[in-house]
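To keep things clear, I will list the structure first and then write my remarks on it.
As a basis for the values below, the full set of heavy atoms in this structure was taken, side chains included, without hydrogen atoms, waters or symmetry mates. Naming convention: chains lettered A, B, ... in sequence-line order (proteins, then strands); numbering from 1 in each chain.
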There are 2 protein chains.
Amino acid sequence: MRNVSTKTVGRLSQYRRIFMNLYAQGQTHVHSQQLADAAGMGAAQVRRDLMALEAVGTPAKGYPTAQVLEQLNDFFGVAEKQHLALAGVGNLGRALLAYLGERRPSTPIMAAFDADPEKTYKEIQGCTCYPVDWMEDLVEKFKITIAIIAVPGDAAQGVTDRFVTGGVRGILNFAPVPLRVPSDVYVEYLDITMLLDKVTYFAGNAQVPTSSDVES
Amino acid sequence: MRNVSTKTVGRLSQYRRIFMNLYAQGQTHVHSQQLADAAGMGAAQVRRDLMALEAVGTPAKGYPTAQVLEQLNDFFGVAEKQHLALAGVGNLGRALLAYLGERRPSTPIMAAFDADPEKTYKEIQGCTCYPVDWMEDLVEKFKITIAIIAVPGDAAQGVTDRFVTGGVRGILNFAPVPLRVPSDVYVEYLDITMLLDKVTYFAGNAQVPTSSDVES
DNA sequence: ATTGCATTGTGAGAAATTTCACAATAAACT
DNA sequence: AGTTTATTGTGAAATTTCTCACAATGCAAT
Ligand SMILES: NC(=O)c1ccc[n+]([C@@H]2O[C@H](COP(=O)([O-])OP(=O)(O)OC[C@H]3O[C@@H](n4cnc5c(N)ncnc54)[C@H](O)[C@@H]3O)[C@@H](O)[C@H]2O)c1
Ligand SMILES: NC(=O)c1ccc[n+]([C@@H]2O[C@H](COP(=O)([O-])OP(=O)(O)OC[C@H]3O[C@@H](n4cnc5c(N)ncnc54)[C@H](O)[C@@H]3O)[C@@H](O)[C@H]2O)c1
């Protein structure tokens, strides 16, 4: 498969959500223009992105919903479940547990970790919280490949190291610090403060950039 | 001032946090290489970004911490407070209220809004929650220019319209839907599901992209 | 069957963004 | 005062990303 840029991967995720809706509604085909409208981008962009899947549409009917949805699911490896863990069961961590617990059956949350003894050995939002000393062992035992980091900034590198030692291959980091990881571990950063600063900046300025980009 | 790209604005926010730390630690000067290390990027990138501020450093000492921090604060308009409001006091909304309440004195949260009568007219995390019918009026009355949207996807456009009518100029949207807004309103999207999909994809693949980008 | 038509797939061009690389320069040292 | 040295500021090249534009295509209508 062609090398797919991280931006394209992000948009394919958005298309997947749209295709799930279309499929649920019984719509059998969809045009790139409709997809573009639903995703808030241009039709050429959509077609270019779908090329990465080797998805094919026909000029008259557009893209077949069921088929492309399957290609998208394959692309994101829905069949091969990946196990997930969370570090930091604070305000944000709890919200994430509540949100991700129900949805996303292909990436079940197997464990949460926290340094606070008040929280350990308890079930929080349907997920057991373990002490941080168990991280390496449990990550390996549960075959956890994805980690979410929601601890304070100064604890982030520490839990990252333990996750990586245990065998984690991808990280979603909410802490506002860059993480040092081996080059084969993927890190996605989500810095809410930075995003708010961007909004603050453009809200206080006359010239807003033409097309708002959907990314992180 | 030169037109500054949204990516550069995001990185300037990161630099600002680093400069605040450096300043608090009493470090009077900093080199682009140090900044680059602290922010997880290249030194040339840092220097290029700082050009947008018209910040000047000297070859021998680097950038003067206090002065550049002030320029960054000016850039983000810290002096002119902008008022903030939240729509959707659910799991995520509460976490955000808890987090943003203390920090960010330059963008105080003036109000929260929720459709659930159980939540309205109560103080949650130090912020009063009002019914959605009050949105237009209170946004105008409190001079709210920034909104955070943390309602379910199908309610997002509705609250957006009310915010915009009230006079909001910038939006941070956690709901996974594109928002239709006038062209002079800036929207920043934060789609956690999409980011997790990206991590899932790269965690399940051998070739991780070389440099992980800090954005959204 | 043929025609007409809107849409796909994609090469090529445009635009945005990052990186290189080096002259200019400010401090430290002799 | 002059020399050395490391770093800034920034054109220009390189790379990445997006957009345009159109030939090829598949369906519907006649
Ligand atoms: N809550 C938000 O809306 C929000 C917004 C922006 C950024 N963030 C970031 O997300 C992270 C978490 O935020 P929060 O609001 O949930 O904080 P919080 O203080 O509510 O929770 C942090 C949790 O991490 C645990 N913890 C601390 N050190 C640990 C360690 N070494 N190992 C394991 N667990 C440890 C604490 O016990 C606590 O339960 C922070 O980095 C914060 O900057 C949060
Ligand atoms: N919680 C997370 O970690 C998380 C993760 C990813 C995405 N999100 C997104 O963030 C948003 C909120 O998520 P959540 O987990 O907090 O959901 P939630 O169900 O806990 O909270 C949603 C809140 O919005 C309120 N609401 C519903 N309709 C409304 C309306 N028309 N006007 C005003 N308020 C209304 C509800 O009363 C509720 O309090 C959703 O769009 C969700 O997709 C959340």
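- Nucleotide dG9(C) holds its P atom 8 Å from the CG atom of Leu50(A), rounded to whole Å.
- Judged as a salt bridge (Lys or Arg N to Asp or Glu O under 4.0 Å), the pairs with a partner in residues 12-21 of chain A (not counting sequence neighbours) are, in order, Arg16(A)-Asp197(B), Arg17(A)-Asp191(B).
- Residue Tyr63(A) has a polar side-chain atom (N or O) positioned under 4.0 Å from OP1 or OP2 of dG9(C).
- Gln45(B) has its CD atom 15 Å from the P atom of dT8(D), to the nearest Å.
- Listed by first then second residue, pairs satisfying salt bridge (Lys or Arg N to Asp or Glu O under 4.0 Å) with a partner in residues 66-92 of chain B number zero, not counting sequence neighbours.
- The CD atom of Gln67(B) sits 15 Å away from the C1' atom of dT8(D) (whole-angstrom rounding).
- The backbone N or O of Gly62(B) sits nowhere less than 3.5 Å from a side-chain atom of His29(B) that would complete a donor-acceptor pair.
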Protein-nucleic acid N or O pairs under 3.5 Å, nucleotides 26-30 of chain C:
none

Which pairs, protein N/O on one side and nucleotides 10-14 of chain D N/O on the other, fall under 3.5 Å?
{"unit_1": "dG11(D)", "atom_1": "N7", "unit_2": "Arg48(B)", "atom_2": "NH2", "d": "3.3"}
{"unit_1": "dG11(D)", "atom_1": "O6", "unit_2": "Arg48(B)", "atom_2": "NH2", "d": "2.6"}
{"unit_1": "dA12(D)", "atom_1": "N6", "unit_2": "Arg48(B)", "atom_2": "NH2", "d": "3.1"}

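- Atom NZ in Lys7(A) sits about 12 Å away from atom C1' in dA15(C), given to the nearest Å.
- Rounded to whole angstrom, the span from the CZ atom of Arg11(B) across to the C1' atom of dT19(C) amounts to 12 Å.
- Partners of Gln33(A) under the side chain to side chain donor-acceptor pair (under 3.5 Å) rule, at least two apart in sequence or in another chain, are Asp37(A).
- In this structure, His29(B) atom NE2 and dA6(D) atom P are separated by 19 Å, rounded to whole Å.
- Annotation: cation-pi geometry satisfied between Arg103(A) and Tyr99(A) (NZ/CZ under 6.0 angstrom from ring centroid, within 45° of ring axis).
- Put simply, Ser32(B) has a side-chain N or O that comes within less than 4.0 Å of OP1 or OP2 on dT8(D).
- Ring orientation note: the planes of Tyr201(A) and Phe76(B) are nearly perpendicular, at an angle over 60° on the 30°/60° scale.
- A straight line from CD of Gln33(B) to P of dC20(C) spans 12 Å, rounded to a whole angstrom.
- With sequence neighbours excluded, the residues that form a side chain to side chain donor-acceptor pair (under 3.5 Å) with Thr145(B) are Gln82(B).
- With hydrogens and angles left out, the side-chain atoms of Lys198(A) and Thr6(B) include a donor and acceptor closer than 3.5 Å.
- Remark: P of dG9(D) and NE2 of His31(B) are 11 Å apart, rounded to the nearest angstrom.
- Formation of a donor-acceptor pair under 3.5 Å by the Gln34(B) side chain with backbone atoms of His31(B) is found in this model.
- Heavy-atom nearest nucleotides on DNA chain D were determined for Ser5(A) and for Ala55(B), and the one closer to the 5' end corresponds to Ala55(B).
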